[in-house]
Amino acid sequence: FFLNDTATTEIYTRSIVGSVRCVQETDSIAWSKVPGDYTLAVAGVKLIKFFKAIEGGEGRRGTGMGQVTNFESVTCSTSGKFYAGDSTGKIILFSGNTQSKFVQAHSGAIHALAFGEGKLLSGGHDGKLNIFDEDLNLQRTLNFNAPIKAVDILNTQLAVGLKNGDIQLVSEGNQKIVMKGHNDGEIWGLDVMGEDIVTTGDDNKIMVWNVASHQNKGEYVINEKAGPKIKYGASSITHSPDNQCSRAVSFCSTLNHLAVATNSGEIQIRSATSPDKILAVFNDATRWIERIVYSPNGKFLAVGTHDDKILVYQTSPDGNYSLKGNMRKSSSYIMALDWTDDCSYLRSNSGAYEYLFWNLGTMKQDANGGTTTKDMHWASQSDKLGWYVSGIYPPGAKGTDINSVDRSESEKYVATGDDWGLINIFRYPCRDKAKCFSLRGHSEHVVRVKFGFNDNYLFSICLLYTSPSPRDLSTSRMPSSA
């Protein structure tokens, strides 16, 4: 780890005033809260060490406890006492760099420690928040419905972050959820749904968000019962099985239906008014689904699968769709799908970066589709290839660097989400050497972007972020030239 000088505007190598190499994995660090004391505690896997930051860019190592246990959290009191929480539920109090006392505070790992207002807060995997005085005398315990991952205190108000994605504020004993989110694996599913947006992820959650209030409106379970692991499932860090993970969702305003595709290949048709109500389930895909989209007239549902085929369903108001057929000329998985306005053609991109056209009348690929559809209007632009978006790639970029494309409702702009955490907005059509207006706000791959609400908003989700990020475009400086 590195010690950075906050007095300088430089934030990289020139601001580094010291560095220390720890062989073990580091999980938590904490500075002394005593003015003028530059002691730094470092805790991790079989590691607790104390360092003194000194001039000259070096650090002095303390003895600590050596390789005794796995520490997951560390903090310091205003009097200079250090506390470390370990994986077995113990809080250890240090005097200098020597253990002076410990208490068995939790029945599992202590993920979070914080000190403030004369109190020590500890949050554990057991869902308990314990409040101690400075000498580790227990004063109070609060219970939560999920493991605690972060805690803080300001005056008499506590902030608690939970593993299930919730952030709660506790004041005078009252617990209030102020934010919800996804919490496990990756988040890919995104669509606009009336006055709301809907997201799906690898955490067995379908979440509906109200745009006006920026608040979660509802949370629904993808599958109550866990299914088997799929042999060729999606790569993810989630703990949920494939049938409880979703990376594609589509809303149909004509039918008021919500189509949710899982990583096991299952397709669920739900009521958009009551997303917990499943109208029908289809299992015609054998691998995970990356793209699902209703036709403009609501009569068809197209599904792009990772078994290299496109499924097309004929819809019905009661949710009992019928399979019109599947199209199999793609040599790799389907990652983008668009309909023509008259619903007679589809176009797709595959993992092999094929740009293919499909005739819905014959349910076959049209090798001359580029020519056949040149006078047709496309209802959307999710494809990353073709004349209309040839300028979205920066110099030296690979095809995989651009993860998502969406055209604005006015057709004046096209937005992309890339591997560098950027959302880029271009004039549409976007030809070679086009200029863009880039928005930064994610620290990971931006996997989905979506215009909505008469182009006043652009929504984005990041690979490992817990909730969608809305961008108000009404005051943004848009690109002035293509």
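Keep in mind it's a predicted model, so treat the numbers as computed, not measured.
The only member of Tyr388, Phe451, Tyr413 that meets ring pair (Phe, Tyr, Trp, His ring centres under 6.0 Å) when paired with Tyr428 is Tyr388.
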Candidate pair His125 and His111, rule ring pair (Phe, Tyr, Trp, His ring centres under 6.0 Å), full reasoning: CA-CA 7 Å; His125 197 78; His111 301 304; 5.2 Å; yes

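No donor-acceptor pair closer than 3.5 Å links the side chain of Asn256 to the backbone N or O of Ser271.
Contact of the His182 side chain with the Ile461 side chain is not registered, since no non-hydrogen atoms from C-beta on lie closer than 4.5 Å. A 4.5 Å side-chain heavy-atom check between Asp166 and Phe144 finds every atom pair outside the cut-off.
For the residue pair Thr315 and His257, no side-chain donor N or O sits within less than 3.5 Å of a side-chain acceptor on the partner. A donor atom on one side chain and an acceptor atom on the other are found under 3.5 Å apart for Ser382 and Asp338. Asp318 and Asn320 share a side-chain donor-acceptor pair at under 3.5 Å. With hydrogens and angles left out, the side-chain atoms of Ser331 and Glu354 include a donor and acceptor closer than 3.5 Å. For the residue pair Thr238 and Asp184, a side-chain donor N or O sits within less than 3.5 Å of a side-chain acceptor on the partner. Asn164 and Asn183 share no side-chain donor-acceptor pair at under 3.5 Å.
Under the 30°/60° scheme for interplanar angles, the aromatic rings of Trp288 and Trp188 are found to stand perpendicular. Between Phe357 and Trp378, the ring-plane angle classifies as tilted under the 30° and 60° cut-offs. The aromatic rings of Tyr333 and His306 sit parallel, their planes meeting at an angle under 30°, below the 60° perpendicular limit.
Under a 4.0 Å N-O distance rule, the pair Arg247/Asp202 qualifies as a salt bridge.
Residues Ser250 and Ile292 share a closest heavy-atom pair of CB-O, 3.3 Å.
Ring-centre distance between Tyr353 and Tyr355: not below the 6.0 Å cut-off.
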